[in-house]
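Here's the structure, in structure tokens; my notes come after.
Start at 1 and go down the list; that is how both ligands and their atoms are numbered.
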Amino acid sequence: MKGPFDGGCLCNEIRYHCDAEPKTIYYCHCSDCRRISGTAFYTGVGVSKEGFSLTSGTVRQWHKKADSGKGVTRSFCPVCSASIYLQLEMFPDTIFIAAGSLDDPSALKPNLELWTQSKVDWAEIPEGIMSMEKAAG
Ligand SMILES: [Zn+2]
Ligand SMILES: [Zn+2]
């Protein structure tokens with residue numbers, strides 16, 4: 001998928017613009033991502049931080065230390081609570097946008113799945129993409 005692209009939350013309070021091309025598009029099956037998304041997994045679009053900007057609204061942030069000991073900060077719309085993006089302390093130059101927040105997510109082609117050791121049986125993932133039992137983050 002090529003940039004630029006735009007996206008936002010459900011209620012339109014939060015809007016963003018991204019000039020950067022995605023570096024990675026991944027499924028994360030970790031239990032944190034499952035709970036925060038309310039479904040089987042989180043789908044993230046990793047882009048360089050400089051290419052990403054909020055064009056409307058201010059996100060609400062929530063920080064948690066992951067099992068690795070490194071921090072994860074998740075950003076939401078303060079009004080409708082939609083997931084917008086997350087940041088990993090381990091990759092400070094990257095923003096992992098919630099794939100479902102893109103205005104046109106249909107062109108995304110995920111190329112990686114993480115934390116397959118905690119994947120639920122009802123999560124269907126396309127065959128042939130790179131797969132990791134755990135993750136670097
Ligand atoms: Zn909203
Ligand atoms: Zn995860």
Handout entry: Audit row: Asp93, Lys23, salt bridge (Lys or Arg N to Asp or Glu O under 4.0 Å) steps and yes/no
Key = CA-CA 12 Å; Asp93 299 328; Lys23 303 188 238 188; over 6 Å; no
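- Geometry at the Zn ion (ligand 2): SG/Cys30 and SG/Cys33 form an angle of 110°, nearest 10 degrees.
- Judged purely by distance below 3.5 Å, without hydrogens or angles, the side chains of His29 and Ser118 never pair a donor atom with an acceptor atom.
- Among the atoms of Cys28, an N, O or S atom is found under 2.8 Å from the Zn ion (ligand 2).
- Hydrophobic cluster membership differs between Ile125 and Phe96, with clusters built from Ile, Leu, Val, Met, Phe, Trp and Tyr side chains linked at under 4.5 angstrom.
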Practice task
Begin from the C-alpha positions of Tyr27 and Tyr42 and carry the test ring pair (Phe, Tyr, Trp, His ring centres under 6.0 Å) through to its verdict.
Solution key: CA-CA 6 Å; Tyr27 303 106; Tyr42 182 86; over 10 Å; no
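- Expressed to the nearest 10°, the angle at the Zn ion (ligand 1) joining SG in Cys77 with SG in Cys9 is 100°.
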